[in-house]
Amino acid sequence: SFSKYNNSHEIISFYFDDQKSKGISFLNWTKSFLNFLQMTYGMSLPWEKVIIVPVDADFQQVEVINNLVLVPLPNYKRPEFMERQALGFLTRSLGKLWFSESIWNDQEKQLWLSFGLPAFLGLRYFQYKFGSDTGIFNNIDWLNPRYKDHYFEEMVKNIHPKKNYPIISSFRENPDSQSFLKTLTYKTAMVISMLEFVVGEKVFKKGLQNFSNEYNQKIAGIKEFQMSFEKFNLPAIRNGIIGGLKEYDAFGGSSLEWFFSQWFKTKKTLDYALKGVITRKLENDFFEVEIDIKKIGIIKMPFEISIETEDGDEFRKVVSGIKKEEKVFFLTRSFPAKVSIDPDEKLLEKSRVNNHSFRFYRYRFGFDWKKDREHLVLIVPGLGNNAIDGNSLGLGVRYRFEDYRIYGIPGYGTKNKRLLYIFNIDRNNFGTHGFDAGFSFYEFGGVKSQGLRATFEPSQNPDEIGYKFHSSF
């Protein structure tokens, strides 16, 4: 299958006879992706021809070598309702046509350029095509993980602290390359997403366009990448969140050293929490809202805080995020109903549960994924059989909140005509990472029991001896 991308570029998609439909889809997705980059970031394709080739493999990750896009066969065999996953694998790698195969990097400490920048472009395209908060399936909400939350942010947050390294780190010396690849790919993608939020679309477009043009067929790294954005980070065209915040001019008016040094060169985390909200009714019938914000993480970032009133109005302010604790004041005509930190979820925070004056609950049957800000409540069935109870059945609840896990299920035994129950409460990382403790009591199978348990299993790098201690009473 052949298609002209524009007057000077062409795209060719090879496919087997029984995969014609999917082969044409890969061609159209590629063409649409390249048009998106041209339209959004002004990036011109550095190759006259792009060739898409199916390859025999048992994995799904798309690889790019020069102008060849190698798509593993499992992506051609996906059913139609899973097409977004195939598109995701493709577009998370197409950016390598620029950043890896045309703009080269030091393979030791600058691999973020080959993995993270293409992943960012793939994320932006997916959001452009389907929406900023979309899932990997088209119409269903149950068992439909959100693309950004599940495939990017959760990948970063699931990296064990012991295996967490700065983006600018040695790949060869890293003891766990798989965990580090998550950092290079998904953390870098989210950090670049925050950079766009910080400097604004105009500066980001000019900076990315300058970087992709200036260093074509050259070796580049973090220094050149940073300089490309600082060149255009001028107050006259800057429309990002730092516009007007003097606290971030300490390194100079256009410098972004404060951003790059925190996110690329350290493994520090970001977390802001809503500590409290006080509302006072004034004599003129207005309401003064005092919002207390606490900085839990080490990284400093500007963020938005929003307030929604009972009559539906929304007001926002930008907070510098510099201080350990900050107070923000709003004056409203109507009583405040909701307060949120970073309401559009632009920042890569350690936790979003503490960002709101209210709670997001997600109720589902059996199993589901959730957004980081949500409290997931699962309704789970229980069936059993033994000589004492006979057939037993019940309907229970699983609930997980941060490091706590709660499971409770009442039931009924058809033989002994008794009420049965199981209740467990556990906490992960109790005091230290890898130490889990819990309490349980139950009546089941003719046994009534209460107990305590504890497990310590520190995460080990692949070349180290693993061990685990478990005790119960």
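This one's a predicted model, so the numbers in the text were calculated from it and none came from an experiment. The first residue in the sequence is number 1, and the count goes up from there.
Put simply, the side chain of Asp436 does not reach to within 4.5 Å of the side chain of Asp426, judged on heavy atoms. Contact of the Val62 side chain with the Val69 side chain is registered, since non-hydrogen atoms from C-beta on lie closer than 4.5 Å. Put simply, the side chain of Lys187 reaches to within 4.5 Å of the side chain of Ile167, judged on heavy atoms.
Around atom CD of Glu108, more than 12 heavy atoms belonging to other residues, nucleotides or ligands sit under 6.0 Å away. Lys223 NZ: 12 or fewer foreign heavy atoms inside a 6.0 Å radius. Heavy-atom neighbours of Phe469 CZ from other residues, nucleotides or ligands within 6.0 Å: at or below the threshold of 12. Other residues, nucleotides and ligands contribute over 12 non-hydrogen atoms within 6.0 Å of the CE atom of Met194. A 6.0 Å sphere centred on NZ of Lys317 holds more than 12 heavy atoms belonging to other residues, nucleotides or ligands. Residue Glu325 qualifies as enclosed at atom CD: its count of foreign heavy atoms under 6.0 Å is above 12. For Lys109, the NZ atom is loosely surrounded, since the number of other residues' heavy atoms within 6.0 Å does not exceed 12.
Taking each heavy atom of Asn424 and Ser440 in turn, the nearest pair found is OD1-CB, 2.8 Å. Summarising the geometry of Leu117 relative to Thr188, their closest heavy-atom pair is N-CG2, 4.3 Å, with the distance given to 0.1 Å. Shown here for Pro161 and Lys267, the closest heavy-atom pair between the two residues is O-NZ, 4.2 Å.
Ring centroid separation for the pair Phe204 and Phe120 comes in under the 6.0 Å cut-off. Annotation: Phe441 is in aromatic contact with Phe423 [ring centroid separation under 6.0 Å]. Between Tyr407 and Tyr399, the gap from one ring centroid to the other reaches at least 6.0 Å.
Checked by atom type, the side-chain pair Ser351/Asp372 shows no donor-acceptor distance below 3.5 Å. A donor-acceptor pair shorter than 3.5 Å can be found between the side chains of Thr134 and Arg84. Side-chain contact annotation: Arg373 with Asn355, donor-acceptor N/O pair under 3.5 Å absent. The closest side-chain donor-acceptor pair between Tyr151 and Gln85 falls under 3.5 angstrom.
For the pair Arg124 and Phe36, the cation-pi test (distance below 6.0 Å, angle within 45°) is failed.
Remark: of the listed residues Arg146, Lys346, Lys148, Lys148 is the sole one forming a salt bridge (charged side-chain N to carboxylate O under 4.0 Å, His left out) with Glu153.
Asn158 places a side-chain N or O within donor-acceptor distance of the main-chain N or O of Glu154, the cut-off being under 3.5 Å. Lys218 places a side-chain N or O within 3.5 Å of a backbone atom of Glu214 that can act as its donor or acceptor partner. In terms of modelled atom types and a separation under 3.5 Å, the side chain of Thr432 and the main chain of Phe435 share no donor-acceptor contact. With hydrogens and angles ignored, the 3.5 Å screen pairs no side-chain donor or acceptor of Asn67 with any backbone N or O of Trp47.
With salt bridges taken as basic N to acidic carboxylate O contacts below 4.0 Å, one links Asp368 and Arg362. Electrostatic pairing of Lys162 and Asp176 does not count as a salt bridge here, judged by no charged N lying under 4.0 Å from a carboxylate O.
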